[in-house]
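These notes concern the structure reproduced below.
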Amino acid sequence: MNPKEGDSWVRPNPDDISESQWLIWDGEKWVTEMDSAEQVKKGHVISSINVSEEEILIEADKIHISGQTKIDDASITGAKILNLDAGKITTGTLTAISIKGVNITGSSLTSNTDNNRASINLNGGNQTFYGISGKKLGQMRPTIDAGTGVANGFAIIKSAGEIFSINAGDSNSSTSSPVFQIPATANDNNVTANFFGQLKFQNIQPLDGQDIWVVSPSGKKVVLGVAGNSKLIAEDGGVAVFGNFSVYNGSKNAVHVTRDGLRATPAYETAESYLGDIGRSYTREDYEVWVHIDELFSDTVNTDIAYEVFLQAYSNANFWVADFKSDKFLVKSNKPMSRFAYEIKAKRRGYENERLVEQKRDNEEIEKIYGEKETNDNGEYDF
């Protein structure tokens, strides 16, 4: 054996074979008492080595180990590794502050909040959200085409009894408010969504060049409401309006099929809220007749206050209304057995005092509704 200066080896202690001796070649001989500073010469690669049954301690400013080194079990409190093959790392738990890379591939990846009150797990292409004690809140996952088995999109699915919402918040605040929300009561059999705030559609391009429709399946309703109260309901039978109905910059028409296409007939309107009924009758041998007001019609109007009756003669006679009662009126003529038509107009029940009701709109709103119409060279309005 031709040792070089700095080589070392371990042998059983001749004085006590239960202990080991660490020998170092100092260039002339093997040195055995390494805990003595005087025996460590300048240029040696160690400062001190202490050997006991439990451990070996090597102390130095710099320690260089050359060749292949195997450590069965170790704890490293701090280290700088120049080159590391991550493919050779096998671990159950890897804790780190920051991991930077292009791709992280694995079967499962979980992220927890600081207080562990919520977590997100990414597993098998599905992203699952959990609350306290691992309660499942919802999931984001691909949707699969039943025919081809190929992913064709993705879906966000909330768990039963939980809420899914899209919120608007302030970056300087920890709170936010929902804009769109699927409530906890929604499920496969009760598909419900809530919108909060203003819902605006601006610069929307219809799909496939078609119009924009809000359509419900047959037998279902489309309902618009305010403060939880239904205001407009569209269903198979037509449209129902609850509350006041006002028409700005337009007319209320019935549309009819005629021999010359569809034609609209505007509604006849008065300054007050009147309802009318039309009928025919004739005076008797005593030159008069009491005309009874239809009971159903009388339910809709207030005939305890003044109402109007207009007569049209169908015989060569003169007619006039001689008396009014809440359920009938008396018509007389100057000839017996004379035919006539009548029209009764009475104020709608509950709206007896309304006349040309003022609509509260500021000038800016009025301009938006009606705009400024321009006239042509003849002074006529261009519509």
Begin from the C-alpha positions of V301 and R349 and carry the test side-chain contact (heavy atoms from CB on, under 4.5 Å) through to its verdict. CA-CA 4 Å; V301 294; R349 190 178 296 276; 5.7 Å; no
Between CG on residue L232 and NZ on residue K221, distance to nearest 0.5 Å: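 L232 atom CG to K221 atom NZ measures 12.0 Å (nearest 0.5 Å).
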Nearest-0.5 Å distance, NZ of residue K325 to NE2 of residue H292: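 It comes to 11.0 Å.
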Validation row: [X], [Y] side chains within 4.5 angstrom (heavy atoms):
X	Y	value
Y248	Y370	yes
K252	V247	yes
I305	K347	yes
I120	Q127	yes
V321	L330	no

Is it true that a side-chain atom of S315 and a backbone atom of R339 form a donor plus acceptor pair closer than 3.5 Å? yes
Between E367 and E364, is there a donor-acceptor pair closer than 3.5 Å when you use the side chain of the first and the backbone of the second? no
Tell me the salt bridge (Lys or Arg N to Asp or Glu O under 4.0 Å) pairs involving residues 153-165, sequence neighbours left out? K135-E162
Identify every side-chain donor-acceptor pair in residues 136-156 under 3.5 Å, counting partners at least two apart or on other chains, and give the distances.
{"unit_1": "Q139", "atom_1": "OE1", "unit_2": "R141", "atom_2": "NH1", "d": "3.0"}
{"unit_1": "Q139", "atom_1": "NE2", "unit_2": "T128", "atom_2": "OG1", "d": "3.0"}
{"unit_1": "T143", "atom_1": "OG1", "unit_2": "N152", "atom_2": "OD1", "d": "2.7"}
{"unit_1": "T143", "atom_1": "OG1", "unit_2": "G153", "atom_2": "N", "d": "3.3"}
{"unit_1": "T143", "atom_1": "OG1", "unit_2": "G153", "atom_2": "O", "d": "3.3"}
{"unit_1": "D145", "atom_1": "OD1", "unit_2": "G147", "atom_2": "N", "d": "2.8"}
{"unit_1": "D145", "atom_1": "OD1", "unit_2": "T148", "atom_2": "N", "d": "2.9"}
{"unit_1": "D145", "atom_1": "OD1", "unit_2": "T148", "atom_2": "OG1", "d": "3.3"}
{"unit_1": "T148", "atom_1": "OG1", "unit_2": "V150", "atom_2": "N", "d": "3.3"}

Return each pair, listed once, that meets ring-ring contact (aromatic ring centres under 6.0 Å, His included) where at least one residue sits in residues 158-182; pairs must be two or more places apart or across chains. F180-F195
What residue pairs, at least two apart or across chains, pass ring-ring contact (aromatic ring centres under 6.0 Å, His included) with a residue in residues 325-353?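 Sorted result for residues 325-353: F319-F340, F329-Y342.
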Only pairs at least two apart or in different chains count here, so list each side-chain hydrogen bond (donor to acceptor under 3.5 Å, both in side chains) that has a residue in residues 302-311.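 For residues 302-311, and leaving out neighbouring residues, the side-chain hydrogen bond (donor to acceptor under 3.5 Å, both in side chains) pairs sorted by first residue read N302-E352.
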Qualifying side-chain hydrogen bond (donor to acceptor under 3.5 Å, both in side chains) pairs, either residue in residues 326-337, two or more places apart: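 Matches after skipping sequence neighbours: T283-S333.
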Under the rule for side-chain contact (heavy atoms from CB on, under 4.5 Å), what residues qualify as partners of L296, not counting sequence neighbours? D294, D299
Taking side-chain contact (heavy atoms from CB on, under 4.5 Å) as the definition, give me every residue that meets it alongside N190, ordered by chain and number, with sequence neighbours left out. T185, N187, T192
With a cutoff of under 4.5 Å between side-chain heavy atoms, which Ile, Leu, Val, Met, Phe, Trp and Tyr residues group with I233?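 I233 shares its hydrophobic cluster with V223, F242.
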If you compare all heavy atoms of P183 against all heavy atoms of I163, which two are closest, and at what distance to 0.1 Å?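 Nearest heavy atoms, P183 then I163: C-CG1, 4.4 Å.
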Where Y268 and K345 come nearest, the two heavy atoms and their spacing: OH-NZ, 3.4 Å
Side-chain donor/acceptor pairs under 3.5 Å, residues 259-266, sequence neighbours excluded:
{"unit_1": "D260", "atom_1": "OD2", "unit_2": "R263", "atom_2": "NH2", "d": "2.6"}
{"unit_1": "R263", "atom_1": "NE", "unit_2": "D260", "atom_2": "O", "d": "3.4"}
{"unit_1": "R263", "atom_1": "NH2", "unit_2": "D260", "atom_2": "O", "d": "3.4"}
{"unit_1": "T265", "atom_1": "OG1", "unit_2": "A254", "atom_2": "O", "d": "3.3"}
{"unit_1": "T265", "atom_1": "OG1", "unit_2": "H256", "atom_2": "NE2", "d": "2.8"}

Any salt bridge between R284 and E288, counting N to O under 4.0 Å?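 Salt bridge flag = no for E288 with R284.
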With a 6.0 Å cut-off (strictly less than), is the heavy-atom count around CZ of F297, excluding the residue itself, greater than 12?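 Yes - once you tally the heavy atoms of other residues, nucleotides and ligands closer than 6.0 Å, there are more than 12.
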Are there more than 12 heavy atoms of other residues, nucleotides or ligands under 6.0 Å from atom CG of D236? yes
Hphob cluster co-occupancy, [X] + [Y], side-chain heavy atoms under 4.5 angstrom:
X	Y	value
I278	I293	no
I344	L311	yes
V331	F324	yes
M337	Y314	no

Before giving the answer on salt bridge (Lys or Arg N to Asp or Glu O under 4.0 Å), spell out for E354 and R348 the whole-Å C-alpha distance, their side-chain angles and the decisive distance to 0.1 Å. CA-CA 10 Å; E354 288 192 354; R348 181 183 175 189; over 6 Å; no
Got a sec, which residues hit salt bridge (Lys or Arg N to Asp or Glu O under 4.0 Å) with R355, two or more places apart in sequence or on another chain? E272
Listed partners of E295 passing salt bridge (Lys or Arg N to Asp or Glu O under 4.0 Å), at least two apart: none
